[in-house]
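Heads up: the structure comes next, in structure tokens.
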Amino acid sequence: MTTQTENIYGNLINGEWLQSEDTFIVENKYTHEVYAKVAKSSQKVIENAITNAYETFKEVKLSATDRYDILMRATQIFEERKEEIARVICSEAGKTITDARAEVERGIQTFIASAEEAKRLSGQGLPIQGQPGNEAKMAFSIRVPVGVICAITPFNFPFNLTAHKIGPAIAAGNTVVLKPAEKTPVSAIKMAEVLLEAGLPKGFLNVVNGFGHETGPVLLKDERIAMYTFTGSPSVGRVIKRESGIRKVTLELGNNSPNIIHHDVADLQRAVDLCVSRGYSNSGQACISVQRVYVHRAIYEEVLEQAKVIAESFIVGNPEEETTNIGPMISIEEAERAEKWVQEAVNAGAIIVTGGTREDALFKPTILTNVKEDMKVMCEEVFAPIISIVTYEDLDELFASVNASKFGLQAGIFTSNLHLAMRAAQELEFGGVNINDVSTFRADILPYGGVKDSGVGKEGPRYAVEEMTEEKVITMHL
């Protein structure tokens, strides 16, 4: 099924795309021209979406193999349309076409992994007879879907991060009300089109578009929604956590990703290449983008020299051109915010090694030194192509600095010292620690989630399915 008019997109309710006179504009993030118009969902439309999802969950059941077949058919259609979808991501998110294609490929793999989980959903036998008095009893558990899931997705990976919510939710047997980021809704709309084409019954996925401050309160107050899964800012995550009561919540929030390069690193060039390139990919707009780089004093000057060369080699510009390495940030306002943070750091004593300037929404890849831990570029999530390089000598002080953060999503460390690597694995207060790789590495099939202000719960299809189901215990007297 397609939307009613080219470049005018509606809200999806019960398998139908509904238009509205009240629309909002989606810009091409490089040219700032109008890329699409999207119908804004009213309170009534949102309530109808929830009603439809709730009634569908109660009335329509898909077997495990049905869910598998639908998700796998969707992956085939995504394969056929992947260049089209990549071009959408490139335009509405400003992601380079190379990175956009990679995102679509990752999203397809996420759907494949989700499809496989649909057939693996199971409980477990429980050892009830291990307690005196239960010799004549048997116990086991089954996993059942939670019901209606509200999925709220971000702008920075509008296809793959939406796949990480929709794929597992459907695999687990839930229905979904999806609210995509208002800056990048078309990617999610294309995904919904494909799922309908693949045979997903109407009502299993409803899409409501609009601005978070308007749609959020309506979605949060409706108790027919059994679970919220959100990727975005910690401030919004706190609101969802507070307003959702005792309902289930998965929150994937921010980070100020630390990465350590120790003097005994086996391949220094690789470590520097990864730290720099993964700090700037997607214009630094990923919650696990390299941000804080701690370098042992013995190799600091060499690392700094190499990092500067790499940063200045990147081509910044039109994301549709195959040679472009870094496209625009999501908006001029965000680029201005990043520029302001750099200037604040410089005023407080930081040194710009390279970059630090912007043109429109394009922000030049930036390296800062002489930074302090209380500067925004260090203690907050910078979400821009900015990395700060810090020296260290004492490992105790290093670990204390790395952990002295309100965030705790992922960290990276480069070392050939097994003891140091295992110490980092044990002591770094993060949901994931990547050894001899950067914080940005993520395998989509692994559990993914943070501690502290980086969120609660885990994603990755298998682990998301567990979050999106309840374990029901069954006992039998024999």
Side-chain angles (χ1 to χ4, degrees), residues 1-5 7-29 32 34-54 88-89 91-93 148-159 161-162 165-166 169 175-193 195-196 202-225 227-233 235-240 242-244 249 251-252 330-331 333-334:
M1 179 179 294
T2 58
T3 46
Q4 293 178 338
T5 307
N7 291 336
I8 301 179
Y9 297 92
N11 296 293
L12 179 62
I13 312 295
N14 197 30
E16 298 295 330
W17 294 101
L18 305 181
Q19 298 294 337
S20 168
E21 292 183 0
D22 190 7
T23 62
F24 62 94
I25 298 298
V26 178
E27 284 188 347
N28 178 300
K29 300 307 183 291
H32 304 293
V34 175
Y35 174 69
K37 292 183 179 180
V38 180
K40 187 187 294 186
S41 54
S42 64
Q43 179 174 334
K44 182 178 179 181
V45 166
I46 297 172
E47 290 171 350
N48 287 343
I50 298 169
T51 297
N52 183 240
Y54 183 78
V88 171
I89 296 170
S91 295
E92 71 170 353
V148 179
I149 293 178
C150 174
I152 305 173
T153 55
F155 70 80
N156 56 334
F157 288 86
F159 188 78
L161 292 186
T162 303
K165 299 183 186 303
I166 304 304
T175 57
V176 184
V177 176
L178 169 64
K179 192 280 175 191
E182 60 269 17
K183 294 184 184 297
T184 55
V186 182
S187 302
I189 289 170
K190 295 293 183 183
M191 182 181 293
E193 290 177 0
L195 285 164
L196 289 174
K202 58 185 181 181
F204 268 82
L205 175 60
N206 292 284
V207 182
V208 293
N209 292 294
F211 297 89
H213 66 278
E214 295 173 344
T215 59
V218 183
L219 291 165
L220 282 168
K221 75 177 183 180
D222 199 311
E223 296 191 357
R224 293 173 296 178
I225 293 175
M227 178 181 176
Y228 298 88
T229 174
F230 168 77
T231 299
S233 69
S235 59
V236 176
R238 289 191 188 93
V239 173
I240 293 172
R242 183 179 68 243
E243 299 297 325
S244 59
V249 173
L251 303 175
E252 300 297 339
I330 196 64
S331 67
E333 291 76 17
E334 278 299 295

Y54 OH: over 12 foreign heavy atoms closer than 6.0 Å: no

Where do V88 and F159 land on the side chain to side chain contact (heavy atoms under 4.5 Å, CB included) test, with the steps shown first? CA-CA 10 Å; V88 171; F159 188 78; over 6 Å; no

Can you tell me how far apart [atom1] ([X]) and [atom2] ([Y]) are? Round to the nearest 0.5 Å.
| X | Y | atom1 | atom2 | value |
| --- | --- | --- | --- | --- |
| F204 | T175 | CZ | OG1 | 7.0 Å |
| I46 | I13 | CD1 | CD1 | 9.0 Å |
| L220 | R242 | CG | CZ | 9.5 Å |
| T153 | F230 | OG1 | CZ | 9.5 Å |
| S41 | N206 | OG | CG | 11.5 Å |
| L219 | Y228 | CG | OH | 6.5 Å |

Between K183 (side chain only) and K29 (backbone N and O only), is there a donor and an acceptor less than 3.5 Å apart?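 No, K183 side chain to K29 backbone: no donor-acceptor pair under 3.5 Å.
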
Could you check whether any side-chain N or O of D22 sits under 3.5 Å from a backbone N or O of K40, counting only pairs where one atom can act as donor and the other as acceptor? no

I'd like to check [X] versus [Y] (side-chain heavy atoms, cut-off strictly below 4.5 Å). Are they in contact?
| X | Y | value |
| --- | --- | --- |
| P180 | V207 | yes |
| L12 | I189 | no |
| I240 | I152 | yes |
| Y35 | V186 | yes |
| T231 | K165 | yes |
| L18 | N48 | no |

Going by distance alone, is a donor N or O of one side chain under 3.5 Å from an acceptor N or O of the other, for T23 and K37? no

What are the two closest non-hydrogen atoms of [X] and [Y], and how far apart are they?
| X | Y | answer |
| --- | --- | --- |
| P217 | G212 | CD-O, 3.9 Å |
| P185 | N209 | CB-OD1, 3.5 Å |
| L195 | I166 | CD1-CG2, 3.7 Å |
| E182 | V26 | O-CG2, 4.0 Å |
| V176 | A169 | CG2-CB, 3.6 Å |
| T215 | K179 | OG1-CE, 3.4 Å |

Under the side chain to side chain contact (heavy atoms under 4.5 Å, CB included) test, which residues partner A181, sequence neighbours left out?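 A181: side chain to side chain contact (heavy atoms under 4.5 Å, CB included) contacts with F155, T184.
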
Please test V208 against V218 for side chain to side chain contact (heavy atoms under 4.5 Å, CB included), starting from the C-alpha separation and ending with a verdict. CA-CA 11 Å; V208 293; V218 183; over 6 Å; no

